[in-house]
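Only a predicted model underlies this, so the values are computations on that prediction, with no experimental measurement involved.
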Amino acid sequence: MLEKRYDFSSREEHWQEYWRENEIYKFNPEAEERYMIDTPPPTMSGNIHLGHIASYTQLDVIARHQRMLGKSVFFPFGYDNNGLPTERYVQKNSKLKMNEITRGQFIEKCYDAIDELKPIYREVFFRAGHSADFDETYSTITPRTQEISQRSFLDLYKKGEIERRNSASLWCPECRTTIAQSEIDTAELDSVMNYITFGIKDSEERLKIATTRPELLSACVCVFVHPEDEARAHLVGKTAISPLYNAEVPIIANPDVDREKGTGAVMCCTFGDEADAKWQKEYNLPILEAIAYNGKMTALAGEFEGLKVIEARKAIIEKLRETGILYDQTPLTHPVATHERCGTAIELLTKPQWFIKLLDHKDELYQAGLDCKWYPEHMQKRFLNWVDGLKWDWCISRQRFYGIPFPVWYCEDCGEVILADESDLPVDPSATQPKCACPKCGGTKFKPENDVMDTWATSSLTPQICTDMLTKKGLDDTYTPMNLRPCAHDNIRVWNFYTIAKSLLHFGKLPWKDVVIHGWGLSATGTKLSKSKSNGGTLGPVDTYKKYSADATRYWTSNASLGKDIYITEEEFKNGFKLMQKLWNASRFVLPFLEGYTPREIELLPMDCWIIGCYKQTFERFMSYMEKYEMGLALNELEQLFWNFCDNYIEIAKNRLYKPEVYGEHAKESAQYTSHTVLRGMLKLFSIYMPHIAEEIYQDAFAEFEACKSIHISKYLDLGKYTGNDVSAGNEVCEIVSKIRGYKSQKGLSLKEELKKVTITGAPQFVKDCVDDIRAVCNIVNLEFADGEKDVIIEE
RNA sequence: GGGAGCUUAGCUCAGUUGGUAGAGCAUCUGCCUUACAAGCAGAGGGUCACAGGUUCGAGUCCUGUAGCUCCCACCA
């Protein structure tokens, strides 16, 4: 018997523990049919919020759906605790500066932070009723993961896909590390265009040049003009003299120059922007470093040495003004590349870095984008677009403390790269030494590579890291391509892209077949929920579970459209809560009539056939939506059926169930069979969205009947193909009932009010066969049928 | 500048292959009905962004326009 009230707060926890103890969600690698998900490990960088719950719950709905199709579902859970986000979190919360403590101490701090955060993260997901295995989880910083990640490095190095190059790379002066193209944001910043003049050697002429980066004047290596620039044609081949520094630089004609921009003459520095870097390579120009890794000017800048870039810019402008070299200024706003993590304008600096070759593989990457199935489909374009615009190889060196080290030393004598032995992985080259002498020069002194790898170099291996929990084989492709990678739309060019790249480079195949793109959880005002910013006022996940239940929280998130952002509104939690109550109450009505009842096949009354037809129709639509990962639309279909069941079917069945002495035992049994079947079927469909209450009711009423330990490992109730005939006729009955209810409503009568006589005209045979049901549900003394136009005539 | 998506009821959104506009929320009216008042019944509410075109017929297909959102490019 179900209690009058469903006490979700205690029952939800009860079932969570039950599922865990009984290993309901355990993956069976031997299963005939498997469904494997490459779960995104949440980044451990602070407080977890409802946005996470939104996307992970959608994923859980998918996992549960696949499980109820009879597949064994691999739904791992992991923690992404490797790298910059965690590092920044630790720095911020402990108010530490990187240069004030040792690397070892800092790493300890990071591990401590992870230990504190892990249980919080686990709790939030576990209490949402997620069907992942929380007892065996992975993390992106464990020794085992480090081993896999380093092995990936060695493998790609040996394949010739990784190399160390000394070239321009994207540098964040705030984080003091190189970053990748994918980590760039663009910010619209105010700036000033400064018009200055260069001298010309052996000439009185001055050459006008515009620049937004006068602080790089000391690193000016060349001046370009357009080949068709007649006014300046005579200068090509001559030597320009930079102001203040009096450096002699060549004047070269270059078709890349945009004659409309600035003055039409460009100074090329090391490096003002990507064009500078390109030209440096193209003309083999000298590399002059005016900016140091800490974002301050070097000795090259002369009197401006030690100033930060922005300060130096102000100072040099002042100086240029004083000396009369600056002849004009115009304010402008322009887009500046910034580091997405900290918003600092990035610089291009030269430093030896490790690169994974991507530009050589653009075609394969593009093809991989075509080969994956994207949901929603148009997200594929974003991937292809990104591959198209790829300009940099993937720089994987990071000048940070906390991360996975490169398994690499350099020979102090000859500089040769010495790789760690695979059997020694994971290694920390700063703590150990190579086992043999340098193969090239026989040297025995080595210095370690002190950089660590980009976090994405590791998280791009999640298919290998998570399936390693099954195979213990590390970098292995036994289970790839997996079935599904879920991912937010902002991660298409990052996590998705790199995972595809690694899988292609290592194994020559896709990491997974399907990609589902989910939106962001947005606050009611439409701002993105973020771990680092607080969107004050919004509920936290655990508060929401407490106030509205986990099931209601899940309802909110699963009701979203594929790929679309979802807004947090308490309205939706309330709706979820109401649905839960309704499910409870409907079951509380039906189930007592099913005590001691065992279903057997009998001939069903027309309206019973009708609701079963409705169920079949819903079931088909539900399945086809879920096939496309459209869980929100599937849920809508289901809800429609459920309300129909409550408002129309139960009202009809009620009379037969209560009064078999009036309507007959057969009519009662027909209603019993039908409500048993349809409620059981609907519960299963609901169970992927609201697993707790579905389990509660299932255990009370159906678990024994199905001899199944949990609704979540039972199979959907497929009643066969919907043929389409019975539903429309039954709907007509509902319309007639609705008309009669409307009549009472308009007259201000109670619905139980007795009607003396009702005549239904133009009704088909099906409706006539339902005479008892209609009479009962509308409380009609005398119900008659007549020929003529379809109508309902009521006499009080 | 290149690409993608969106525009349907006051709000949030559905609308599969063209065939009389749908749901939830909100609003209004009525109803304590032996599951549920956190409920039930009923009602009002839309030139489907705009303009053309194809068609017997267009929210749906084609072309164009406008507005919003996102991705990419744009640092002289």
Side-chain angles (χ1 to χ4, degrees), chain A residues 2 4-5 184 186-189 191 193-195 209-214 216 220 223-224 256-258 260-269 271-276 279 332-337 345-346 348 376-391 489-490 492-493 519 526 559-561 563-567 569 571-572 574-575 577-593 621 624-625 628 630 632-633 636-637 639-640 643 646-647 650-651 654 658 737-753 777 779:
Chain A
L2 301 181
K4 168 109 178 141
R5 290 235 162 240
I184 294 176
T186 313
E188 196 69 29
L189 296 184
S191 182
M193 183 67 83
N194 302 282
Y195 293 88
I209 285 180
T211 178
T212 55
R213 309 240 14 214
L216 289 175
C220 177
V223 171
F224 290 111
D256 290 348
V257 172
D258 182 344
E260 303 302 315
K261 272 191 195 172
T263 64
V266 192
M267 70 170 190
C268 171
C269 305
F271 294 108
D273 62 15
E274 284 174 28
D276 289 347
W279 290 331
L332 78 157
T333 57
H334 64 176
V336 175
I346 62 137
L348 293 173
E377 213 177 318
H378 67 258
M379 290 295 179
Q380 181 180 59
K381 278 273 187 213
R382 293 209 183 181
F383 181 89
L384 300 178
N385 206 1
W386 175 253
V387 174
D388 262 340
L390 212 54
K391 289 192 302 192
H489 48 58
D490 58 332
I492 292 174
R493 63 177 194 175
N559 215 355
S561 269
K564 288 199 178 155
D565 296 339
I566 22 182
Y567 295 84
T569 59
E571 278 311 311
E572 280 296 305
K574 283 180 194 159
N575 288 342
F577 185 83
K578 282 185 196 171
L579 174 62
M580 202 171 76
Q581 289 299 330
K582 189 81 177 171
L583 199 52
W584 184 255
N585 286 324
S587 303
R588 215 160 58 80
F589 169 76
V590 167
L591 295 182
F593 293 105
R621 291 178 182 164
S624 85
Y625 275 133
K628 296 182 281 185
E630 285 283 10
L633 299 180
N636 285 347
E637 285 290 334
E639 278 191 83
Q640 224 175 326
W643 292 109
C646 290
D647 298 343
I650 286 187
E651 288 307 316
K654 190 181 263 179
Y658 273 130
V737 169
S738 175
K739 267 187 193 164
I740 296 169
R741 283 170 174 171
Y743 174 85
K744 290 182 182 178
S745 215
Q746 273 173 4
K747 294 265 172 179
L749 300 173
S750 162
L751 288 181
K752 70 173 180 182
E753 194 78 21
V777 80
N779 197 15

Sugar-phosphate, base or nothing in reach of A:Cys646, heavy atoms under 4.0 Å: base
Donor-acceptor contact below 3.5 Å, side chain A:Asp276 vs main chain A:Cys268: no
Proximal nucleotide (of B:rC36, B:rA76, B:rA38) relative to the A:Glu651 side chain: B:rC36
Per A:Ser745 side chain, nearest of listed nucleotides B:rG30, B:rC31, B:rC71: B:rG30
Nucleotide-level pairing of RNA chain B, given in dot-bracket where Watson-Crick and G-U pairs need both distances under 3.5 Å and | marks other strands: (((((((..((((.....[..)))).(((((.......))))).....(((((..]....))))))))))))....
Residue pair A:Thr212 / A:Met193: nearest heavy atoms and the distance that separates them: CG2-SD, 3.9 Å
Sugar-phosphate, base or nothing in reach of A:Trp386, heavy atoms under 4.0 Å: sugar-phosphate
Out of B:rC31, B:rA73, B:rC36, whichever nucleotide has its closest atom nearest the side chain of A:Lys4: B:rC36
Under-4.0 Å salt bridge between A:Glu753 and A:Lys744: no
Phosphate-side-chain proximity, A:Ser738 and B:rG42, N/O vs OP1/OP2 below 4.0 Å: yes
Any A:Lys391 side-chain nitrogen or oxygen under 4.0 Å from OP1 or OP2 of B:rC74: yes
Rounded distance in Å between the P positions of B:rU69 and B:rU16: 27 Å
Sugar-phosphate only, base, or nothing, as touched by A:Gly389 at under 4.0 Å among non-hydrogen atoms: nothing
Under 4.0 angstrom between A:His378 side-chain N/O and B:rC6 OP1 or OP2: no
Nearest listed nucleotide, side chain of A:Lys261, among B:rA76, B:rG42, B:rC70: B:rA76
Nucleotide nearest A:Arg382 when distance is taken to its side chain, options B:rC70, B:rC75, B:rC36: B:rC70
Touch class at under 4.0 angstrom, heavy-atom based, for A:Lys574 against every strand present: nothing
Sugar-phosphate only, base, or nothing, as touched by A:Val590 at under 4.0 Å among non-hydrogen atoms: nothing
Length of the CG-P vector between A:Leu384 and B:rA73, whole Å: 15 Å
Contact pattern, 5' to 3', of nucleotides 8-26 of chain B - B, S or - by protein heavy atom under 4.0 Å: -----SSS--------SS-
Contacts of A:Asn575 that satisfy side chain to side chain donor-acceptor pair (under 3.5 Å) - sequence neighbours left out: A:Glu572
Sugar-phosphate only, base, or nothing, as touched by A:Ala586 at under 4.0 Å among non-hydrogen atoms: base
N or O in side chain of A:Lys582 less than 4.0 angstrom from B:rC40 OP1/OP2: yes
Residue-phosphate contact under 4.0 Å: A:Thr212 side-chain N/O, B:rA76 OP1/OP2: yes
Touch class at under 4.0 angstrom, heavy-atom based, for A:Asp276 against every strand present: nothing
Of the listed nucleotides B:rG39, B:rA76, B:rC31, the one nearest the side chain of A:Val266: B:rA76
